[in-house]
Amino acid sequence: MPARRVAVIGAGYVGLTTAACLASLGHDVVCADVDAGKVDRLAAGVVDLAEPGLADLVAAGTAAGRLRFVLGAAAAVGGAEVVMLCVPTPMGPDGSADLTVVESVVADVRGLLAPGCVLVAKSTVPIGTTRRLAALLGRADVPVVGNPEFLRECSTVTDFLRPDRIVIGADDRAAADRVAGLYAGLDAPVLHTDPASAELIKYASNCFLAMKLSYANAVAELCERFGADMADVGKGMGMDHRIGPQFLAPGPGWGGSCLPKDTVAMVRMAATADVDFALVRATVEANTRQHERMVAKIRQAVTGRPDGSLRGVRLGLLGLAFKAGTADLRDSPALAVATLLRRAGATLVGYDPAVPPTATLAGIELVPDAYRAALDADALVVLTEWPQFDRLDWARMAALARRPVVVDTRNLLDPGRLAQAGLSCAGVGRPDHGVSADLQWELVR
Ligand SMILES: NC(=O)C1=CN([C@@H]2O[C@H](COP(=O)(O)OP(=O)(O)OC[C@H]3O[C@@H](n4cnc5c(N)ncnc54)[C@H](O)[C@@H]3O)[C@@H](O)[C@H]2O)C=CC1
Ligand SMILES: O=C(O)[C@H]1O[C@H](OP(=O)(O)OP(=O)(O)OC[C@H]2O[C@@H](n3ccc(=O)[nH]c3=O)[C@H](O)[C@@H]2O)[C@H](O)[C@@H](O)[C@@H]1O
């Protein structure tokens, strides 16, 4: 397949990864963003995202003359054979995906696209959007193709270069083949579909992942009640190839820039077709409940009661990002739990290795290391699974804290090691507080 001239609109997680990876595959890429500072930094070789391998690919692409950065979509699209939209589609006020940015880019570039160019929706867009964009574009000579992206933050480059599948949804097979040709250097199956199916594959996949997580969290609750251990239950479930071992680790609830918005958008999208997608609705509700359950767990650990008061209680929060390896705080479950703790009257001191203490987070005093978070704390709460928390000097943490109590919502730490350091440790999905004797008795009978 020939090298193509590609314009990538948006230089965020998806756009910058797409641009750098396509350049590494030999294409000639221009990447545009509206953020002038970001464009200047990228042009100077500075990559803000701490994604493994990304800065190297940007440097290599730039040095080879195959990757450039420009301000604004209009400056990127002239002469492009493929234009890829990688701009945000955030949650709108009613929960559905807000397509304002996507549509404004299409309006900006419609008169500038070369005849025969293919416009690609890589952003996550609701069913019907690809065809609607074709109508909005109003250019019979410019086909619009859906090509959803499945990469994860913290592994954007490897996920892009080694995808499980490439999905291309198009009404025009020649246009679809041109987009497929961009990925010819990758060893991945290509699934050709109509545009609606491609759009639904993206939402259905993200919702399924969220559902699996809410399910795992619900099973973890049962583990706590019945004295089972979710580590073993998840392992046993995951050994069935039809289930698979991933996405079964319980936690404080799932979050991030996509699963929360995409699940809610799916429910809204279904409602427009008079379908009550109760399963996805329950998935979202279970996640909210998971945040509340974490607060009850913290109350229990601090006061001995799941509804005990947190007034005057000082909590050291370890980890604020939505998962380890990123500074991304968007829809972080850590912040959702923190908000509930604050409302319950707790004073919050927080530390995250990727969040500078100079950042501002409402209601959380940020400190530069974990030991400062431990100082005078009534309990320490692990909210993000940063591996370095496991390597802390926990005896020192215990000495600094007012009370030797840890609530580990990620099951990151070894409770035995913490016990040696004099700390109690409650996790998720394991019988830390002991199963009630009544319940055990019921089970035996
Ligand atoms: N973050 C992720 O892991 C994944 C995200 N997606 C989807 O990809 C899309 C983009 O997401 P992210 O890359 O995470 O967003 P992001 O927020 O990291 O990046 C978006 C970029 O677009 C730029 N931008 C905004 N308006 C623009 C305009 N008019 N012209 C040019 N640039 C503009 C922003 O300045 C920003 O740099 C969303 O639809 C998201 O749902 C899909 C798969 C994975
Ligand atoms: O559309 C998107 O943006 C992307 O959304 C997710 O990727 P990402 O948001 O990077 O995060 P995940 O790794 O999926 O984690 C989501 C949340 O689930 C939590 N999680 C994950 C796995 C697990 O076993 N337990 C668990 O609690 C994480 O801590 C995090 O809060 C999907 O995994 C990607 O396939 C998708 O492309």
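We use all heavy atoms of the structure for the numbers below, so side chains are in, but hydrogens, waters and symmetry mates are not. Both ligands and their constituent atoms are indexed starting at 1 by order of listing.
For atom 4 (C) of ligand 1, the nearest non-hydrogen atom of the protein is Val14 CG2, 3.4 Å. Protein heavy atom in closest approach to atom 26 (N) of ligand 1: Val101 CG1, 3.3 Å. With respect to atom 1 (N) of ligand 1, the closest heavy atom belonging to the protein is Glu153 OE2, 3.4 Å. Of all protein heavy atoms, the one lying nearest to atom 44 (C) of ligand 1 is Leu151 O, 3.3 Å. What sits closest to atom 19 (O) of ligand 1 on the protein, heavy atoms only, is Gly12 CA, 3.1 Å.
In this structure, the separation between CG on Asp177 and CD1 on Ile168 is 8.0 Å, given to the nearest 0.5 Å.
At least one N or O atom of Lys38 sits closer than 3.5 Å to an N or O atom of ligand 1. At under 3.5 Å, a nitrogen or oxygen of Lys261, whether backbone or side chain, sits near a nitrogen or oxygen of ligand 1. Geometrically, ligand 1 and Thr124 share a nitrogen or oxygen pair separated by less than 3.5 Å. Geometrically, ligand 1 and Tyr13 share a nitrogen or oxygen pair separated by less than 3.5 Å.
Contact annotation: for Ala73 versus ligand 1, there are no heavy atoms closer than 4.0 Å. At a 4.0 Å heavy-atom cut-off, ligand 1 does not touch Val125 at all. Residue Asp33 touches ligand 1 through backbone and side chain together, judged by heavy-atom distances below 4.0 Å. With a heavy-atom cut-off of 4.0 Å, Val87 touches ligand 1 through backbone and side chain alike. Neither the backbone nor the side chain of Pro148 has a heavy atom within less than 4.0 Å of ligand 1.
Salt-bridge check for Lys38 with Asp48: failed, with every basic side-chain N at 4.0 Å or more from each acidic carboxylate O. Under 4.0 Å is where a charged nitrogen must lie from a carboxylate oxygen, and between Arg330 and Glu153 at least one such pair does. Using a 4.0 Å cut-off between charged nitrogen and carboxylate oxygen, Arg66 and Asp28 do not count as a salt-bridge pair. Under the 4.0 Å criterion applied to side-chain N and carboxylate O atoms, Lys323 and Asp328 are not assigned as salt-bridge partners. Comment: Arg268 engages Asp94 in a salt bridge, judged by a side-chain N to carboxylate O separation of less than 4.0 angstrom. Ion pairing between Lys297 and Glu224 holds under the 4.0 Å rule for side-chain N and carboxylate O.
Using a 4.5 Å heavy-atom threshold, the side chains of Val118 and Val120 count as touching. For the pair Ile9/Met84, no side-chain contact is recorded, criterion being any heavy-atom separation below 4.5 Å from C-beta on.
For the pairing with Trp254, the side chain to side chain contact (heavy atoms under 4.5 Å, CB included) check across Leu209, Asp331, Thr263 returns one residue only, Thr263. Tested against Ile364, the residues Asp352, Val349, Leu335 include a single side chain to side chain contact (heavy atoms under 4.5 Å, CB included) partner, Leu335.
No side-chain donor-acceptor contact under 3.5 Å links Asp98 to the backbone of Pro90. Not one N or O on the side chain of His27 forms a donor-acceptor pair closer than 3.5 Å with the backbone of Val6.
Those atoms of ligand 1 with a heavy atom of Gly10 less than 4.0 angstrom away are 22 (O), 32 (N). Atoms of ligand 1 found under 4.0 Å from any heavy atom of Ile9, numbered from 1 in the order shown, are 30 (N), 31 (C). Using a 4.0 Å cut-off to heavy atoms of Val105, the atoms of ligand 1 that qualify are 28 (C), 29 (N), 30 (N). If you number the atoms of ligand 1 from 1 as listed, the ones under 4.0 Å from a heavy atom of Pro88 come out as 20 (C), 22 (O), 25 (C). Close approach of ligand 1 to Ser257 (heavy-atom distance below 4.0 Å) involves ligand atoms 1 (N). Using a 4.0 Å cut-off to heavy atoms of Glu149, the atoms of ligand 1 that qualify are 42 (C), 43 (C). Ligand 1 places these atoms under 4.0 Å from at least one heavy atom of Arg330: 14 (O), 17 (O), 18 (O).
Of the listed options Leu259, Asp48, Thr89, Val109, Thr89 places a heavy atom closest to atom 39 (O) of ligand 1. When the heavy atoms of Asp108, Val34, Thr17 are ranked by distance to atom 32 (N) of ligand 1, first place goes to Val34.
In this structure, Lys202 has a heavy atom closer than 4.0 Å to ligand 1.
Judged by distance alone, the side chains of Thr156 and Asp159 never bring a donor and an acceptor atom under 3.5 Å apart. No side-chain donor-acceptor contact under 3.5 Å links Gln290 and Ser214.
Across all non-hydrogen atoms, the minimal contact from Leu22 to Leu182 is CD2-O, 4.0 Å. Across Val382 and Thr409, no two heavy atoms sit closer than the pair O-OG1, 2.6 Å.
Ligand 2 lies under 4.0 Å from heavy atoms of Glu149, Phe150, Leu151, Arg152, Glu153, Lys202, Asn206, Leu209, Leu213, Phe247, Leu248, Ala249, Trp254, Gly255, Cys258, Leu259, Phe322, Lys323, Arg410.
Residues forming a salt bridge (charged side-chain N to carboxylate O under 4.0 Å, His left out) with Glu385 (at least two apart in sequence, or on another chain): Arg410.
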